[in-house]
Amino acid sequence: MVDKKPYVVIIAEKPKAGKKIAEAFGKYFQLSYRNVKYWKASFNGEQIVIVTAAGHLYGLHGASGFPVYDMSWEPLWKIDKKAYYTKKYMDLINYVAGNAKFFVNACDYDIEGSVIGYLIIDKLRGIANAKRMKINALTKEEILRAYSNLQPLDLTMVDAGIARHKVDWLWGINVSRALMLSVKKVSGKRVILSAGRVQSPTLLQVVNREMERYLHLPLPEFKVKVKVEIKGRVFDAPLEGRFNVLSEAKELAERLKRDVLFVERVSVDKTRLVRPPPFNLIDLQLEAGRLFGFSPYKVERLAEELYLDGLISYPRTNSQKIPPTVNVREIVEGVSRGPLGYLVSLLNKLTHGRYVVRQGEKDDPAHPAIYPTQYFGSRLPRDQYKLYELIVRRFLASMSVDAWIERQSVALRFKRSGLKLSLSLQEVVEKGWLEIYPYVKVKDEALLEVKEGEEVNVKGISVITSLSKPPQRFSKTTLLKWMESSNLGTEATRGRIIETLFERKYVKLSGKSIVPTKLGIVIAEVLDKFFGELTDVKMTADMEQKLNDIIYGKTNSEEVVKEMREKIAKYVEVFDSNKEKIGEKIAKGLGYLQYQKCKYCDFEAENGGLCRYHLNAMEKVKEGINEWTIRTGYPRDRVIKSLEKSKYTGKFVLDVVKEMM
DNA sequence: GCAAGGTC
Ligand SMILES: [Zn+2]
């Protein structure tokens with residue numbers, strides 16, 4: 001039931017936030033309209049109705065065809081089947097809006113929250129009289145403070161958000177359609193292809209990494225290894241410095257065999273191993289990936305379920321901080337009554353009941369770090385429970401005590417030659433937080449009792465050869481980390497966008513490693529050549545700069561979008577005159593067109609029956625064999641044999657090497 | 001149908 005008397009309508013971003021806002025006003029009624037909750041409350045005698053969105057209720061939509069430069073905001077439920085559930089939220093808002101005195105946008109205080117609330121209000125009756133609530137934390141005090149200090153709508157934030165949506169839409173839709181169109185043109189086939197500001201640089205990262213591996217030619221390096229025995233323990237210590245030339249290393253080893261080794265200096269220092277801050281989403285994704293093998297997307301989904309079950313706080317946060325408004329003691333007491341109560345006993349033993357949360361560096365405009373609530377209901381499915389336990393352990397560890405380790409450094413020196421080597425040992429003397437969060441491997445061994453000047457028993461001196469390694473492939477987790485460090489995507493989207501690359505069949509899994517497919521490689525080539533800007537992380541950085549300029553009033557979305565349209569139009573021109581060429585390339589990658597294959601692989605032959613990569617490999621092998629000969633003095637056939645045997649030798653290099661045997 | 005961004 002809605003009152004006849006006009007009331008203030010507060011719009012929250014999501015149901016959980018709406019409820020907290022209602023609770024802050026003290027007495028409130030929870031109502032429901034077609035299964036969507038809303039609340040009635042009052043403040044200083046004024047009636048308030050609180051309704052909620054469910055994230056974005058509007059999305060950009062444009063005509064079909066290519067290129068497309070015009071788009072408009074439409075209800076998401078109309079333009080996206082998967083978003084049909086948003087209709088009921090919109091219906092409720094329409095239902096209560098008629099009698100609204102004015103609207104308050106109380107969505108998350110970030111750029112998207114500003115847009116979500118703005119669009120709803122603007123579509124209802126325009127933004128005149130509308131207000132913005134700047135809630136920094138969903139606590140009673142903070143909510144009431146924000147409501148007592150209603151601000152005008154933050155229109156420059158809104159405008160920045162609109163620019164972000166439009167720029168991404170223009171690039172994403174146009175370049176995706178260009179790719180699909182080119183394939184259709186040459187093969188008549190329809191296939192879903194895509195490109196975008198976040199996914200394309202990520203794809204290129206995977207492709208480039210794989211190419212580096214394919215073309216890796218390992219080179220040898222040499223070290224002199226000294227095996228020493230001290231107090232009955234044997235250590236392998238490499239001599240400082242490496243050699244590129246084998247004979248030099250061998251000569252040195254011979255000289256040292258006639259030398260005497262003694263302890264020059266021993267030092268021990270006690271250092272602190274600082275307890276970790278509580279989780280933000282990416283740290284949780286990285287740890288759950290490392291410990292349980294969960295994909296980033298899976299972690300985000302599991303965390304969302306825990307959040308909706310009321311077991312943890314909001315998970316899509318970048319913050320590693322717990323503000324003083326979070327009642328830590330109450331939460332710890334709650335945890336002590338649940339299945340992980342024994343961890344609280346451990347915590348109390350370590351802290352004597354004094355909890356100081358270690359605050360991390362990273363912050364979030366709308367949410368604190370992830371923490372468990374004081375509630376624990378029924379049994380959880382296995383994977384959810386694993387994640388829950390990890391979150392609890394991390395939260396409790398963050399308020400426990402630092403660990404202490406003793407580091408010992410034993411500097412050894414050869415009497416005659418003066419050459420040095422050193423042994424590093426460490427012992428954990430106080431485990432501290434490691435008892436609660438035992439997932440971090442810390443070296444822990446007894447220190448040595450040695451005196452300076454003491455002679456050391458040398459058990460052997462030898463030359464070890466090591467080959468340079470190719471860079472590692474990405475896993476979903478390490479790729480996520482790369483995206484975050486490159487400032488690509490958000491908490492909610494990174495994991496999802498990695499999955500998109502799989503859906504498009506641009507990449508596939510090989511064990512836990514991500515490898516590009518032939519299609520992924522040609523798409524990367526085409527994007528790099530014809531839509532270069534879109535494949536560069538710099539595009540995101542530049543855009544962020546422009547969004548900031550909008551927020552500070554130096555420009556506006558209209559200007560920024562116009563500039564982008566013009567830029568894209570130029571790319572479209574180049575695309576149009578290369579459409580067949582591009583289409584053929586992709587269609588070959590898809591196996592839709594016949595072509596002359598490389599002698600060794602499935603890529604197109606360019607010269608002498610070889611693809612560009614194998615041509616490149618030929619050059620590398622020529623240079624590499626020379627370098628090996630200089631370094632090792634090996635005859636040519638031994639070099640080739642060594643390359644053929646090494647697991648570090650790249651696939652394409654190996655193809656060429658095998659031919660030489 | 002395609003983006004990236006919210007949230008379910
Ligand atoms: Zn080839």
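Here is the naming used below: chain letters follow the sequence lines, and residue numbers restart at 1 for every chain.
Atom-to-atom, CD of Glu112(A) to P of dG5(B) comes out at 8 Å; the value is rounded to the nearest Å. We find that CD of Glu300(A) is positioned 9 Å from P of dT7(B), with the value rounded to whole Å. Atom P of nucleotide dG5(B) and atom CE of Met543(A) are separated by 7 Å, given to the nearest angstrom. What separates NZ of Lys505(A) from C1' of dC2(B) is a distance of 16 Å, to the nearest Å. Straight-line distance from the CD1 atom of Ile79(A) to the P atom of dC2(B): 13 Å, rounded to whole Å. Between the CG atom of Leu281(A) and the C1' atom of dG6(B) there is a distance of 14 Å, rounded to whole Å. The separation between Arg164(A) atom CZ and dG5(B) atom P is 5 Å, rounded to whole Å. Atoms CZ (Phe531(A)) and C1' (dA3(B)) sit 14 Å apart, rounded to a whole Å.
The side chain of Thr493(A) contributes no N or O atom lying less than 4.0 Å from OP1 or OP2 of dA4(B). Between dA3(B) and Ser176(A), no contact under 4.0 Å exists linking OP1 or OP2 to a side-chain N or O.
Side-chain atoms of Asp108(A) lie closest to dT7(B) of the nucleotides dC2(B), dT7(B), dA4(B). Side-chain atoms of Ala54(A) lie closest to dT7(B) of the nucleotides dT7(B), dA3(B), dG5(B). Which of dC2(B), dG5(B), dG6(B) sits closest to the side chain of Arg504(A) comes down to dC2(B). Here the side chain of Glu13(A) is nearest to one of dG6(B), dA4(B), dA3(B), namely dG6(B). For Arg316(A), whose side chain is taken as the heavy atoms from C-beta onward, the closest listed nucleotide among dT7(B), dG5(B), dC2(B) is dT7(B). With dA4(B), dT7(B), dC2(B) as the candidates, the nucleotide lying closest to the side chain of Ala492(A) is dT7(B). Residue Met180(A) places its side chain closer to dC2(B) than to any other of dG6(B), dC2(B), dT7(B).
At a threshold of 4.0 angstrom between heavy atoms, the contacts of Leu76(A) include nucleobase atoms, whether or not backbone atoms are also involved. Heavy atoms of Arg494(A) sit nowhere under 4.0 angstrom from any nucleic acid atom. Looking at heavy-atom distances under 4.0 Å, Tyr314(A) makes contact with sugar-phosphate atoms alone, never a base. Contacts of Leu179(A) with the nucleic acid, taken as non-hydrogen atoms under 4.0 Å apart, are absent. Here Thr490(A) lies in heavy-atom contact (under 4.0 Å) with sugar-phosphate atoms only. Nucleic acid contact class of Ile173(A) (heavy atoms, under 4.0 Å, all strands): base. Nucleic acid contact class of Gly489(A) (heavy atoms, under 4.0 Å, all strands): sugar-phosphate only.
Look at Arg494(A) and Glu300(A) and you find no salt bridge, because none of the NZ, NE, NH1 or NH2 atoms lies under 4.0 Å from a carboxylate O.
Heavy-atom nearest nucleotides on DNA chain B were determined for Glu304(A) and for Ala195(A), and the one closer to the 5' end corresponds to Ala195(A). Residues Leu193(A) and Tyr58(A) each lie close to DNA chain B; by heavy-atom proximity, the contact nearer the 5' end of the strand is made by Leu193(A).
No donor-acceptor contact under 3.5 angstrom links the side chains of Gln30(A) and Ser32(A), judged on distance only.
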Item to complete: Test Trp171(A) against Tyr571(A) for ring pair (Phe, Tyr, Trp, His ring centres under 6.0 Å), laying out the working first.
Response: CA-CA 10 Å; Trp171(A) 275 105; Tyr571(A) 278 99; 5.5 Å; yes
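Checked against the 6.0 Å centroid criterion, the rings of His165(A) and Trp73(A) qualify as a close aromatic pair.
Looking at Tyr552(A) and Thr156(A), their side chains never come closer than 4.5 Å, going by heavy atoms from C-beta outward. Between Leu547(A) and Arg164(A) the shortest side-chain heavy-atom distance falls below 4.5 Å.
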